[in-house]
Amino acid sequence: MQKVIVMMGAPGAGKGTQARRLAERLGYPQISTGDILREMAAAETPLGREIRARQAAGRLVSDDVLAEVILTRTSRPDCASGYILDGFPRTLNQARMLERLSGQQGKDVILLRVVVSEDSLMKRLTGRRTCSQCGEIYNVYLRPPQHEGFCDLDGAPLEQRSDDNAESVTTRLRAYEESTAPLIDFYRTSGRLFEINGELPVDEVFRSVMNVVTGKRK
Ligand code: AP5
């Protein structure tokens, strides 16, 4: 059966890090709503400006915009055999939309919730740097590049996201608790939600992710 794999977790839990690896291993596209919205935010249009302001402040973008983003992206041919969602769904409305969409597409949904304590999250987010070229994710405290400020893979400069500051991180964590945490109960009752210990090193977390995806862990 074709799969939709949803990476869930608080901001900074490691969804993007794991989704990138999973995409490479399975050959599925990684659909990061945060990345897609950041691209849309670069446009000098009312919508672009609205998204930019919301992201920078750490507030959620509206469900209507997200519905459009997901419908458009998942109808591309590279999603035919399956795809990985990184950062979606984040509200009950979005979860309901995904239930309808996956049903229409004939795909099973499994959810991997990456669990990390709140103490670790601030350090992970304020220390994060991302390659401006290939998107590889580093951390100045936890996973520094070999040459400060530059990507190990292609030498391009690393960037810091506008919402990776203490104030926006606090708002993002609150949005997660209020809007996204309730989804855990929504999915837990259906037996499709798997919890992953995200405190372990990246390789070990990935091993747990693969055990779930390949059905070794039931
Ligand atoms: P988004 O881009 O999705 O950000 P987020 O959910 O806040 O998650 P992050 O990308 O910050 O964290 P991550 O879990 O991917 O962690 P990462 O792997 O990078 O969303 C941004 C904004 O867009 C939202 O605030 C909202 O405005 C909007 N948006 C997006 N989707 C939306 C939706 N569906 N609805 C409404 N609005 C939406 O890792 C973090 C750091 O930790 C890195 O430095 C990494 O190197 C390090 N790290 C990762 N794993 C480990 C490990 N195992 N050990 C040590 N360090 C690790």
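Hydrogens, waters and symmetry mates are skipped; everything else that's a heavy atom, side chains included, is used. Atoms within a ligand are numbered from 1 in the order they appear, just like the ligands themselves. Since the model is a prediction, treat every value here as computed from it, not as a measurement.
- When each of Val6, Leu111, Asp185 is tested with Leu193 by the rule side chain to side chain contact (heavy atoms under 4.5 Å, CB included), just one qualifies, namely Leu111.
- The protein non-hydrogen atom at the shortest distance from atom 22 (C) of ligand 1 is Gln55 NE2, 3.6 Å.
- When the options Pro201, Gly14, Ala175 are ranked by their closest heavy atom to atom 16 (O) of ligand 1, first place goes to Gly14.
- Side chains of Tyr83 and Gln105: a donor-acceptor N/O pair is present below 3.5 angstrom, by distance only.
- Which of Arg124, Lys15, Arg21 comes nearest to atom 51 (C) of ligand 1 through a heavy atom is settled by distance: it is Arg124.
- Closest protein heavy atom to atom 9 (P) of ligand 1: Arg128 NH1, 3.3 Å.
- Checked against a 3.5 angstrom limit, the closest N/O atoms of Asp164 and ligand 1 fall outside it.
- The contact set between ligand 1 and Tyr138, taken as ligand atoms under 4.0 Å from a residue heavy atom, comprises 43 (C), 44 (O), 46 (O).
- Any N or O atom pair closer than 3.5 Å counts here, and Val61 shares at least one such pair with ligand 1.
- Heavy atoms of Gly198 come nearer than 4.0 angstrom to ligand 1 in at least one pair.
- Using a 4.0 Å heavy-atom cutoff, Leu200 is listed among the residues neighbouring ligand 1.
- A donor-acceptor pair is defined here as one N or O able to donate and one able to accept, closer than 3.5 Å; no such pair exists between the side chain of Lys107 and the backbone of Val4.
- For the residue pair Asp63/Thr91, the side-chain donor-acceptor check at 3.5 Å is satisfied.
- Numbered from 1 in the order shown, with element, the atoms of ligand 1 that lie under 4.0 Å from a heavy atom of Leu37 read 28 (C), 29 (N), 30 (C), 38 (C).
- The closest heavy-atom contact to atom 1 (P) of ligand 1, among the options Arg161, Lys123, Arg143, comes from Arg161.
- At distances below 3.5 Å, at least one donor-acceptor pair connects side-chain atoms of Arg124 with backbone N or O atoms of Gly12.
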(request) Show your reasoning for whether side chain to side chain contact (heavy atoms under 4.5 Å, CB included) applies to Asp152 and Tyr138. (result) CA-CA 10 Å; Asp152 293 347; Tyr138 297 89; 3.5 Å; yes
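- Taking any N or O of Gly12, backbone or side chain, at least one lies under 3.5 Å from an N or O belonging to ligand 1.
- Among protein heavy atoms, atom 43 (C) of ligand 1 sits closest to Ile137 CG2, 3.5 Å.
- Distances from ligand 1 to the non-hydrogen atoms of Ala10 include at least one value under 4.0 Å.
- Within ligand 1, counting atoms from 1 as listed, the ones closer than 4.0 Å to a heavy atom of Arg59 are 26 (C), 27 (O).
- Here the closest heavy-atom approach between residue Tyr187 and residue Pro89 is recorded as OH-CG, 3.6 Å.
- With Thr33 contributing its side chain and Gly87 its backbone, the two residues share a donor-acceptor pair below 3.5 Å.
- Atoms of ligand 1 lying under 4.0 Å from any heavy atom of Leu125, numbered from 1 in the order shown and given with element: 11 (O).
- For the ligand labelled ligand 1, residue Gln94 lies inside the 4.0 Å heavy-atom shell.
- Comparing Asp163, Val202, Leu142 against atom 56 (N) of ligand 1, the shortest heavy-atom distance belongs to Leu142.
- In Leu66, the part holding a heavy atom less than 4.0 Å from any atom of ligand 1 is the side chain.
- One side chain, Gln30 or Asp86, offers a donor N or O that lies under 3.5 Å from an acceptor on the other.
- Distances shorter than 4.0 angstrom do not occur between any heavy atom of Gly9 and any atom of ligand 1.
- Screening Leu183, Ile196, Leu112 for a side chain to side chain contact (heavy atoms under 4.5 Å, CB included) with Met8, the sole residue that qualifies is Leu183.
- Without hydrogens or angle criteria, Ser102 side chain to Leu98 main chain gives a donor-acceptor distance under 3.5 Å.
- Residues Val140 and Leu125 are members of separate hydrophobic clusters, defined by side-chain heavy-atom contacts under 4.5 angstrom among Ile, Leu, Val, Met, Phe, Trp and Tyr.
- Of the heavy atoms in Thr17, both backbone and side-chain atoms come closer than 4.0 Å to ligand 1.
- With hydrogens and angles ignored, the 3.5 Å screen pairs a side-chain donor or acceptor of Ser208 with a backbone N or O of Glu204.
- In terms of protein heavy-atom proximity, atom 25 (O) of ligand 1 is closest to Arg172 CG, 3.9 Å.
- At least one N or O atom of Gly87 sits closer than 3.5 Å to an N or O atom of ligand 1.
- Atom CZ of Arg25 is surrounded by 12 or fewer heavy atoms from other residues, nucleotides or ligands within 6.0 Å.
- Below 4.0 Å from some heavy atom of Thr33 lie the following atoms of ligand 1, by number and element: 30 (C), 31 (N), 32 (C), 34 (N).
- Hydrophobic clustering of Ile, Leu, Val, Met, Phe, Trp and Tyr side chains at less than 4.5 Å, counting indirect connections, keeps Val213 apart from Ile31.
- Looking only at atom types and distance, the side chain of Ser120 has a donor-acceptor partner in the side chain of Ser117 under 3.5 Å away.
- Closest to atom 6 (O) of ligand 1 by heavy atom, among Glu136, Arg90, Arg52, is Arg90.
- Using a 4.0 Å cut-off to heavy atoms of Gly16, the atoms of ligand 1 that qualify are 13 (P), 15 (O), 18 (O).
- Residue-ligand proximity, Arg38 to ligand 1, at heavy-atom distances under 4.0 Å covers atoms 2 (O), 21 (C).
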